[in-house]
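What follows is a short report on a single structure.
This chain uses plain numbering: 1 for the first residue, then up along the sequence. Keep in mind that what you see is a predicted model, and the values were worked out from it rather than measured. These values consider heavy atoms only, across backbone and side chains, with no hydrogens, waters or symmetry-generated copies.
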Amino acid sequence: MPTNLPDVVLWSIPAFVLLTVLEMALHHFHPDEDAAGYEAKDAVTSITMGLGSLVFDLLWKVPIVAIYTAVYELTPLRVPVLWWTVLLMLLAQDFFYYWSHRGHHVIRILWACHVVHHSSRKFNLSTALRQPWTSLTVWPFYLPMIACGVHPAALAFCSSANLVYQFWVHTERIDKLPRPFEYVLNTPSHHRVHHASQGGYLDRNFGGILIVWDRLFGSFTAETERPVFGLTKNIDTFNPLRVATHEYAAIARDVRKADSWGERAGRIFRGPGWQPGRTAARTAAPAQERTG
């Protein structure tokens with residue numbers, strides 16, 4: 001049982017604080033007029049969402065750990081925790097993260113969780129802390145790893161490492177990196193595209209640590225024009241409770257107004273921009289119409 005794996009997020013908190021303060025100082029003393037920059041209310045909301053997610057994640061952890069443990073005990077497979085198997089587990093976790101992330105953009109009930117992270121019109125290191133309070137929708141995507149014998153604690157370590165890596169890509173202060181890094185890794189340039197609200201940038205660049213998954217599965221777009229951050233229909237609130245729940249409320253309203261069970265199912269399980277009567281070809285792109 002892997003009991004000696006470090007708590008990556010806990011050890012990274014001082015770096016998170018230091019780097020965020022440093023970026024704030026850079027924006028203040030050396031402003032970039034084209035950058036979205038910082039806004040006090042927005043940054044406070046992002047930090048509040050991050051602190052709240054720590055509390056709610058503890059609640060969701062109870063049933064998730066129970067399910068993972070049951071699956072782990074049922075499978076005869078075991079993956080030992082060695083330096084090279086940890087690298088393979090990190091690779092596998094990043095692969096399943098890609099599909100989890102992509103799923104949370106194209107299925108509305110999952111988007112209701114993930115929309116929180118996209119709800120800021122700013123893009124800075126505090127945005128990385130704007131995390132959802134309903135992350136109970138994520139765990140099914142990693143069941144294959146548990147079924148293959150990866151211990152739940154090892155999966156938690158890999159997920160934490162992935163989360164920590166993604167902190168630094170939430171910035172406008174770093175331009176494009178040398179081509180080999182841009183080709184393989186998720187970088188600030190790639191992640192700016194992911195957070196943009198322009199039509200050509202929507203639902204692109206889902207990778208966590210590696211961007212190669214997007215290149216392989218057709219969801220990669222390079223940064224060309226300057227991104228406009230936020231949702232296609234912004235929510236205009238700094239209230240953490242509304243930020244956390246606004247899309248669930250919108251789904252409930254749409255379901256109440258629906259004329260049939262088919263429409264009700266579509267409002268929940270199709271893309272965020274789905275409307276009754278649209279063809280499949282038209283519902284693919286507006287997974288797009290991200291409402292607030």
Side-chain angles (χ1 to χ4, degrees), residues 8-9 12 16 19 86-107 110-111 113-120 123-125 127-132 135 137-145 150 154-225 227 229-231 271-272 284-285 287-288 290:
V8 183
V9 173
S12 301
F16 290 169
L19 290 171
V86 169
L87 293 178
L88 292 176
M89 285 187 281
L90 285 167
L91 183 66
Q93 190 276 336
D94 197 55
F95 172 78
F96 288 112
Y97 173 85
Y98 168 85
W99 290 108
S100 171
H101 196 180
R102 188 166 179 168
H104 278 73
H105 273 252
V106 300
I107 299 172
L110 302 186
W111 172 246
C113 163
H114 186 62
V115 66
V116 169
H117 187 60
H118 286 264
S119 60
S120 174
F123 188 77
N124 51 56
L125 294 177
T127 308
L129 306 177
R130 186 176 286 227
Q131 296 295 322
S135 56
T137 59
V138 172
W139 66 269
F141 291 90
Y142 300 103
L143 274 177
M145 290 184 67
V150 173
L155 174 59
F157 167 80
C158 293
S159 297
S160 297
N162 197 308
L163 183 66
V164 168
Y165 176 88
Q166 291 187 61
F167 176 78
W168 77 281
V169 300
H170 291 82
T171 183
E172 293 187 89
R173 306 301 296 194
I174 298 175
D175 202 356
K176 291 189 177 183
L177 300 178
R179 184 173 296 180
F181 295 99
E182 293 286 338
Y183 191 83
V184 175
L185 298 173
N186 185 20
T187 65
S189 176
H190 298 328
H191 208 59
R192 286 192 290 269
V193 168
H194 180 70
H195 274 258
S197 59
Q198 293 105 308
Y201 282 170
L202 287 173
D203 298 331
R204 313 299 289 174
N205 299 0
F206 299 108
I209 296 175
L210 301 176
I211 203 67
V212 293
W213 310 123
D214 291 280
R215 297 185 185 277
L216 285 171
F217 299 114
S219 55
F220 174 75
T221 294
E223 183 182 33
T224 51
E225 61 179 311
F229 302 111
L231 306 171
Q288 321 288 6
R290 300 173 178 158

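Shown here are the ring-ring contact (aromatic ring centres under 6.0 Å, His included) partners of F96, two or more places apart in sequence or in another chain: there are none. Legend: residues meeting ring-ring contact (aromatic ring centres under 6.0 Å, His included) with W139, ordered by chain and number and at least two apart, are absent. In this structure F229 satisfies the ring-ring contact (aromatic ring centres under 6.0 Å, His included) test together with F123, sequence neighbours excluded. Not a single ring-ring contact (aromatic ring centres under 6.0 Å, His included) links F181 to another residue, sequence neighbours left out. With sequence neighbours excluded, the residues that form a side-chain hydrogen bond (donor to acceptor under 3.5 Å, both in side chains) with H191 are H170, H195. Every residue two or more places apart in sequence or in another chain that forms a salt bridge (Lys or Arg N to Asp or Glu O under 4.0 Å) with R192 is listed here: E223.
Ring-centre distance between F220 and H190: below the 6.0 Å cut-off. In this structure, F217 has its ring center closer than 6.0 angstrom to the ring center of W99.
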### Message
Determine whether I211 and T187 satisfy the following criterion, side-chain contact (heavy atoms from CB on, under 4.5 Å), listing intermediate values before the conclusion.
### Response
CA-CA 8 Å; I211 203 67; T187 65; over 6 Å; no
### Task
I would like to know whether L216 and Y98 meet side-chain contact (heavy atoms from CB on, under 4.5 Å); could you show each step before the answer?
CA-CA 11 Å; L216 285 171; Y98 168 85; over 6 Å; no
#### Entry: Chi angles and distances behind the side chain to side chain donor-acceptor pair (under 3.5 Å) call for S159, Y142
CA-CA 10 Å; S159 297; Y142 300 103; 5.2 Å; no
### I209/Y97 under side-chain contact (heavy atoms from CB on, under 4.5 Å): CA gap, chis, key distance, verdict
CA-CA 9 Å; I209 296 175; Y97 173 85; over 6 Å; no
### Message
Could you go through L210 and L91, starting from their C-alpha distance and side-chain angles, then the distance that decides it, and tell me whether this counts as side-chain contact (heavy atoms from CB on, under 4.5 Å)?
### Response
CA-CA 9 Å; L210 301 176; L91 183 66; 3.6 Å; yes
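Side chain of N124 to main chain of T127: a donor-acceptor pair is present (N/O by atom type, distance under 3.5 Å, no hydrogens or angles).
Interatomic distance, R102 CZ to I107 CD1, rounded to the nearest 0.5 Å: 11.0 Å. Here the straight-line distance linking atom CG of L125 with atom CH2 of W168 works out to 11.0 Å at 0.5 Å rounding. The CG atom of L163 sits 13.0 Å away from the SG atom of C158 when rounded to the nearest 0.5 Å.
Taking each heavy atom of S100 and V138 in turn, the nearest pair found is OG-CG1, 3.9 Å. For the pair V9 and S160, the tightest heavy-atom approach, listed with the atom from each and the gap, is CG2-CB, 3.8 Å. Closest heavy-atom contact between C113 and P132: O-CB, 3.2 Å. The minimum heavy-atom distance between V8 and A161, with the atom names listed, is CG1-CA, 4.2 Å.
Counting only heavy atoms from C-beta outward, the side chains of Y183 and R215 approach each other to under 4.5 Å. Under the 4.5 Å side-chain criterion, counting only non-hydrogen atoms from C-beta, V116 is in contact with R130. Put simply, the side chain of D94 reaches to within 4.5 Å of the side chain of W213, judged on heavy atoms. Using a 4.5 Å cut-off on side-chain heavy atoms (C-beta onward), R204 and D214 make no contact. At a threshold of 4.5 Å between non-hydrogen side-chain atoms, the residues T137 and H114 do not count as touching.
Between the side chains of T224 and Y201, at least one donor N or O lies within less than 3.5 Å of an accepting N or O. Under the 3.5 Å distance criterion, with hydrogens and angles disregarded, no donor-acceptor pair is assigned to the side chains of N205 and N186. Judged purely by distance below 3.5 Å, without hydrogens or angles, the side chains of H117 and H194 never pair a donor atom with an acceptor atom.
Using cut-offs of 30° and 60° on the angle between ring planes, the pair H105 and W111 is tilted.
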